[in-house]
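Atoms within a ligand are numbered from 1 in the order they appear, just like the ligands themselves.
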Amino acid sequence: MALESAVIVKKHHGWHEVTLNRPERLNAFTTAMHKGLADAFAGIEADASCRAVLLTGAGRGFCAGQDLTERMDRTVPVDLGATLEATYNRLVRTIRSLGKPVVCAVNGVAAGAGANVALSCDIVLAARSARFIEAFIKIGLVPDAGGSWYLPRLVGLARAKAMAMLGEPVSGEEAAQWGLVWKVLDDEALMPEARRMTAHLATLPTQALALMKQQFDASLTNTLDQQLDLERDLQRRAGATPDNLEGVRAFIEKRAPNFTGRP
Ligand code: T3D
């Protein structure tokens, strides 16, 4: 019997849907899943016809973080710094630097690194039944996969620290109220809306979206002066794309634009 793949990539017209696929373990990350994700994102990066990505989980959970059964063997010393660098840090950097928007549909519980990988995506939608759990403290660890960077910026230090220190679940509803995610949706509405949104993003000016990713990431540490300089430089690049001209022409000609996403 063929083994089911830990990551499934479904290609749609203009966009790819990436599904974490270990539902019996709430899609907890294994070495095989990290390899599957690295391959999936490498393929997406190389495929110019793919202009947007949707990340979600199979079954009732989004992702329960690291598969703890892989961390039971202590007969050799474990260096979690080394595993982070090779897996989660690489994944988060890949998502953030990908020149295409990544939508995340948090379809259920998102715990530990599972929550923080979700927060690494560009637009996060949560099902009403979703739970975000910074579960690290329950096993004596600290937030990783970018969580200690995203959380204070998204929800403020008070909520970030309490989420990390208490490890209590934050509901989809609270996550939307707090600004942790873009929107909360009824469970049955989540995937149709996530797919509609990703397909729509795939028709937008891809280069401008890629530049926006750079712009907003830099804004989190830049001064206003630095950000004004960056806006000047990135607008110069956006203004040189065919999609800028197409957008202006379409407006003047009172028709829908046909963006190609080309540089
Ligand atoms: O190690 C490194 O590389 C460092 C990086 C670490 C990153 C991290 O993510 S550390 C944090 C790891 N994650 C956790 O500590 C979360 C552990 N899971 C839970 O606390 C709970 O499962 C949830 C709150 C996420 C969900 O609870 P619930 O009641 O909805 O489901 P459940 O019954 O606990 O889980 C369902 C099954 O999935 C269950 O298996 P079973 O009993 O049906 O055979 C459970 O053991 C399994 N499962 C859930 N999470 C994990 C897991 N198996 C392995 N690893 C998991 N993380």
field: atom 20 (O) of ligand 1: any protein heavy atom closer than 4.0 Å
entry: no

field: Top protein contact for atom 28 (P) of ligand 1, by heavy-atom distance
entry: R60 NH2, 3.8 Å

query: Going by distance only, is there an N or O of D144 that falls short of 3.5 Å from an N or O of ligand 1?
result: no

query: Could any protein non-hydrogen atom be found less than 4.0 Å from atom 35 (O) of ligand 1?
result: yes

message: For ligand 1, which is the ligand I care about here, please tell me if A113 has any N or O atom under 3.5 Å from one of the ligand's N or O atoms.
response: yes

- line: Out of E24, R25, R22, R71, the nearest non-hydrogen contact to atom 44 (O) of ligand 1 is supplied by R25

query: Short N/O distance, under 3.5 Å, between Q66 and ligand 1?
result: yes

task: Can you figure out which of A64, A28, A111 has its heavy atom closest to atom 14 (C) of ligand 1?
output: A64

- prompt: Using heavy atoms and a threshold below 4.0 Å, how should the contact between T87 and ligand 1 be classified: side chain, backbone, both, or neither?
  reply: neither

task: In plain terms, say whether R96 and D122 are close enough for a salt bridge, that is, a side-chain N and a carboxylate O under 4.0 Å apart.
output: no

statement: the protein heavy atom lying closest to atom 11 (C) of ligand 1 turns out to be I139 CD1, 3.9 Å

field: Ion pair check, D217 and K213, cut-off under 4.0 Å
entry: no

query: Is the shortest side-chain N to carboxylate O distance from R128 to D187 below 4.0 Å?
result: no

- prompt: So which of E17, H200, H12 actually passes side chain to side chain donor-acceptor pair (under 3.5 Å) with R195?
  reply: E17

- prompt: Would you call E85-R90 a salt bridge at under 4.0 Å N-O?
  reply: no

- request: Decide whether an N or O pair under 3.5 Å exists between G112 and ligand 1.
  value: no

field: Structural part of F136 in contact with ligand 1, heavy atom criterion under 4.0 angstrom
entry: side chain

query: Does D243 use its side chain to pair, donor to acceptor, with the backbone of F259 at less than 3.5 Å?
result: no

field: Whether over 12 other heavy atoms sit under 6.0 Å from W178 CH2
entry: yes

task: Check L80 against ligand 1 and report side chain, backbone, both or neither, counting heavy atoms closer than 4.0 Å.
output: side chain

statement: At under 4.0 Å between heavy atoms, what of T83 touches ligand 1? The answer is side chain

message: Would the distance check show the side chain of N107 and the main-chain N or O of M191 forming a donor-acceptor pair, the cut-off being under 3.5 Å?
response: no

- request: Consider every N or O of Y88 and every N or O of ligand 1, then say whether any pair is closer than 3.5 Å.
  value: no

query: Just wondering, are more than 12 heavy atoms of other shown residues or ligands nearer than 6.0 Å to CD in Q177?
result: yes

Residues in salt bridge (Lys or Arg N to Asp or Glu O under 4.0 Å) contact with E246, at least two apart in sequence or another chain: R255

message: Looking at ligand 1, is there an atom of it that comes within less than 4.0 Å of some heavy atom belonging to E70?
response: no

query: Heavy-atom contact under 4.0 Å between K138 and ligand 1?
result: no

